[in-house]
Amino acid sequence: MMRDLAGPLKLIVTLWLAAASAIHLYFGGFGFPEPITLRAFHLLVFVPPLFLLYPARPGRSPERRPSLADWLWVIATAAPHAWVMWHWAEVSDRMEYVDPFGWEMMVLAVLAIVTLLEATRRAVEVGLAWMIVISVAYMAFGHYIPGLLNSRPFSAAEILEASWLVPTAGGVYGPLTGIVATTIAVFIVFGAFMQGSGTGRLFTNLGAAAAGRYTGGPAKVAVVTSGLFGTMSGSSVSNVITTGAMTIPLMIRIGYRPVVAAGIESASSVGGALMPPVMGAAAFVLAEITGIPYGEIVVAAAIGAVLYYFAILAAVHFEAKKAGMAPMALRDIPAWREVAQDAHLVIPIAVLVWLMMDRWSGNYAAFCATLAMVGIAALRRRSRMGWRQVLESLTNAGLTMAPLAVSIAGAGIVVSALTATGLVVALGGIIKDLAGGNFALLLILLAITVLVLGMGIPTTPSYIIAAAIGVPQILDLGSKALGFSQAELLLPAHLFIFYFAVLADASPPVAAAAFAAAAIARASPLMASMHATRLGIAGFTVGFAFLYDPGIMLRGSLLDILVATGIQLGALTAICAAYAGFLLAPMGPPLRLLLGAAGLFAAFYHGVPDAVRLAIALGVPGVMALAQRIRLPRPVRP
């Protein structure tokens, strides 16, 4: 829980975060300083404020002001990053693991790691803090572990250097921190300006106008609105809090059970990180790790994102039809002319997409789109941004960026430990041995691994760690099983890991987005996460389709693309209808089992030709719908 600071300190922190965001935006448009300087500056401006904003012990620590201990944490946090900025030339020129790592640097490394752990515990997740501790402990004691997990001995200096000051490979100042300080930071600023300009109002009105008139309208509004909001934030929890406060009570009011309403909202909000053109922070990391242009990733992920939301809409439609729910009240549905009053705010998004498709760097595209947002918003009074709105947008960007900065730096320590000890190879080997050469089983084990990691770790570090472990195994075994080259499998393999890292936010037993939605709905968090998981079934089917059905990524001929998409559409319709027990009319258990089995078979079984899978995916629900249509009573004419 974040503190509500008061008085001059609130103003100082606000101006600090706003200035830090503005400087990152400037760098995105006019060029970045030397890498180690930028990374140290990034952590210097965003990590110390976390100790002022987040209490050490909620409910016990002061709620409106920091304690003396918090100020000491601020000083201890700033010291190592300020030292690196001051000695940037020396740090850049030193040879990692060769040049001496003296006592002064060891003290600073300890400060950097300990303060990072405390900031992670307060502002991100306790689970991630523990994973960092375990990673460092493994470097220290791994040589005592027998068997496959045995590692070579590391001295204290080597452990601290690997965790803190190996900017080319990992650690606090590694490439992951560099990605956040460059591209991701500018996109977060762009998202904050979208919200500040009223683009959120545009998305809310658009969702209500497009879906509010149909059966189960509020649920469909939640799905559409959360997906659109996801293009701004890429944060599932913030999506839940922003849109769920409106949509969850509406869904409950028209007849959805609270746990189902919470599940719908959390599944919809989680999918925001899958939705182009912005997607989530992990997508930018994906682009940096693979070297694949972000525009290409957006294109490859487009159909999958649409299918994800199609499945949620189908699920809420069938359930609303079965329960006989009404649409939204006409008085609550905005007129299209009201939507049109904010239509000009789409232009900056179009600028962003055009620049990225034209292969401009992501940071420059986001910089231009942010300036375009301010200029375009000024065209109408209702969206015009004065200095207060600009300051608030920059501050909100800083509030989003600070926890992300510390979580990515922590993930850098974990990755550094995985690579330095060889554990990444050992874990990959264990999973590969368990799979026994079976590619499908390998994918299932990796999916479970990512979902387990996501229990206590945010999406981006979860994806980073899982990709380091799993992608090499997918490339090795997949090239033999599927007949594709490793280069062709690189993007599908990363998207597979990425999808499951995103879905972990809504999957039980620990699901941040579902817990936030359950709090609004006053429902069971565990049951809400279970409903979110079954509503997000498309994430599971699409994740596997990236590897087995390349047409889903717009690869291959037009026929390949249509067949792959058709299989998913039919299969997801069958699965969602089977769970709801309704297609055009209610269904009994035998028909539900038949329909669900047909959908799962078409979606996941690749041992038959695609033509057979397509026939089952479209034929079984089609025949069943036709039979129900014939049996439905005809309306009586007056």
Would you give me the side-chain donor-acceptor pairs under 3.5 Å for residues 580-605, sequence neighbours excluded?
from, atom 1, to, atom 2, distance (Å)
Arg592, NE, Ala578, O, 2.8
Arg592, NH2, Ala578, O, 3.4
Arg592, NH2, Tyr579, O, 2.6

Q: Mind checking the CG-CG spacing from Leu274 to Leu495? Nearest 0.5 Å is all I need.
A: 9.5 Å
Q) Just checking, is any N or O donor in the side chain of Glu288 or Thr183 under 3.5 Å from an acceptor N or O on the other one? A) no
Q: Please examine the side chains of Met527 and Met530, heavy atoms only from C-beta on, and report whether any two atoms are closer than 4.5 Å.
A: yes
Q.
Quick one, Ile303 and Met553 - any side-chain contact, counting heavy atoms below 4.5 Å?
A. no
**Q.** Under the side-chain contact (heavy atoms from CB on, under 4.5 Å) test, residues paired with Leu477 that sit two or more places apart
**A.** Phe439, Leu442
Q: Compare all side-chain heavy atoms of Gln568 with those of Phe310 and state whether any distance is below 4.5 angstrom.
A: no
Q. Could you give the distance from CG (Asn396) to CD1 (Ile188), rounded to the nearest 0.5 Å?
A. 12.0 Å
Q: Please report the closest heavy-atom contact between Gly536 and Leu503, naming both atoms and the distance.
A: O-CD2, 4.1 Å
Q.
Applying side-chain contact (heavy atoms from CB on, under 4.5 Å), can you list everything that pairs with Ile264, at least two apart in sequence or on another chain?
A. Ala219, Val223, Met251, Tyr256, Val260, Ser268, Val316, Leu535
Q: Can you see which heavy atom on Ala369 is nearest to which on Leu352, and at what distance?
A: CB-CB, 3.8 Å
Q. Does Gly470 offer a backbone N or O that forms a donor-acceptor pair with the side chain of Gln473 under 3.5 Å?
A. no
Q. What are the two closest heavy atoms between Leu286 and Thr290, and how far apart are they?
A. O-OG1, 2.8 Å
Q | 4.5 Å side-chain heavy-atom contact, Phe318 and Leu313 | A | no
Q. Could you give the distance from OG1 (Thr533) to CD1 (Ile537), rounded to the nearest 0.5 Å?
A. 9.0 Å
Q | Close side-chain approach of Val450 to Ser462, heavy-atom, < 4.5 Å | A | yes
Q.
With rounding to the nearest 0.5 angstrom, report the OG1 to CD1 distance, Thr565 to Ile552.
A. 4.5 Å
Q.
Could you measure the distance from the CZ atom of Arg337 to the CG atom of Asn205? Nearest 0.5 Å is fine.
A. 12.0 Å
Q: Can you see which heavy atom on Val259 is nearest to which on Ala523, and at what distance?
A: CG1-CB, 3.5 Å
Q. Can you name the closest pair of heavy atoms from Ile469 and Ile431 and give their distance?
A. CG2-CD1, 4.0 Å
Q) Taking side chain as C-beta onward, heavy atoms only, is Pro492 less than 4.5 Å from Phe484? A) no
Q) Is it the case that Gln195 and Thr199 place a side-chain donor and acceptor less than 3.5 Å from each other? A) no
Q. Of all heavy-atom pairs between Ile474 and Phe496, which one has the smallest distance, and what is that distance?
A. CD1-CD2, 4.0 Å
Q | Student check: side-chain heavy atoms of Arg555 and Leu491 closer than 4.5 Å | A | yes
(Q) Measuring from atom CD1 of Ile575 to atom OG1 of Thr541, what distance do you get when rounded to the nearest 0.5 angstrom? (A) 6.5 Å
Q) Quick one: are the ring centres of Phe544 and Phe540 less than 6.0 Å apart? A) no
Q) In chain order, what residues pass the salt bridge (charged side-chain N to carboxylate O under 4.0 Å, His left out) check against Asp610, with sequence neighbours excluded? A) Arg613
(Q) Under the rule for salt bridge (charged side-chain N to carboxylate O under 4.0 Å, His left out), what residues qualify as partners of Arg213, not counting sequence neighbours? (A) none
Q.
Would Asp549 and His606 count as a side chain to side chain contact (heavy atoms under 4.5 Å, CB included) here? Give the steps.
A. CA-CA 9 Å; Asp549 298 316; His606 300 274; 3.5 Å; yes
(Q) Once salt bridge (charged side-chain N to carboxylate O under 4.0 Å, His left out) is applied, do any residues pair with Arg382, and if so which ones, sequence neighbours excluded? (A) Asp342
Q. Does CZ belonging to Arg257 count more than 12 external heavy atoms closer than 6.0 Å?
A. no
Q. Do Pro293 and Glu296 come close enough that some side-chain heavy atom pair is under 4.5 Å?
A. yes
Q: Could you walk me through whether Leu202 and Val346 pass side chain to side chain contact (heavy atoms under 4.5 Å, CB included), step by step?
A: CA-CA 9 Å; Leu202 167 64; Val346 175; 3.8 Å; yes
